[in-house]
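Below is one structure, written out as structure tokens; the observations come after it.
Computed from a prediction, not measured in an experiment: that's the story for all the values here.
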Amino acid sequence: WVMGFNPKDAVQSAKDIASYAVEMSGDIVDNAVEVLKGNVAEGTTNIVQDSLDIAGHSVQKAGEILTGRKDDEDDEK
């Protein structure tokens, strides 16, 4: 086992990753519409930024899977 690993945390973090990705997908669709309307530069830039936000969030949550969720540490004190 990895130090700090908790299966419940892993499941919750995976749910958080999926929820955030679904939430951000709406923004990506809106930006794709902007590209189709001819606003290619701004729409594409926003799609890339939203994708990077999803990736960053996923990395953070993956770290929580390995080290434990921060909100659990607060509960222990």
| query | Is there side-chain contact between Val35 and Thr44, with heavy atoms separated by less than 4.5 Å? | reply | yes
Report the distance from atom [atom1] of [X] to atom [atom2] of [Y], rounding to the nearest 0.5 Å.
{"X": "Lys8", "Y": "Ser13", "atom1": "NZ", "atom2": "OG", "value": "14.0 Å"}
{"X": "Met24", "Y": "Asp50", "atom1": "CE", "atom2": "CG", "value": "3.5 Å"}
{"X": "Lys61", "Y": "Ile17", "atom1": "NZ", "atom2": "CD1", "value": "8.0 Å"}

| task | Under the side-chain hydrogen bond (donor to acceptor under 3.5 Å, both in side chains) rule, what do Gln12 and Asp9 come out as? Steps first, then yes or no, please. | result | CA-CA 5 Å; Gln12 187 57 50; Asp9 290 345; over 6 Å; no
| remark: When every non-hydrogen atom of Ala41 is compared with those of Thr45, the smallest separation belongs to O-OG1, 2.8 Å
| query | Of all heavy-atom pairs between Ile28 and Ser51, which one has the smallest distance, and what is that distance? | reply | CD1-OG, 4.2 Å
| field | Residues Asn31 and Glu34: side-chain donor-acceptor under 3.5 angstrom | value | no
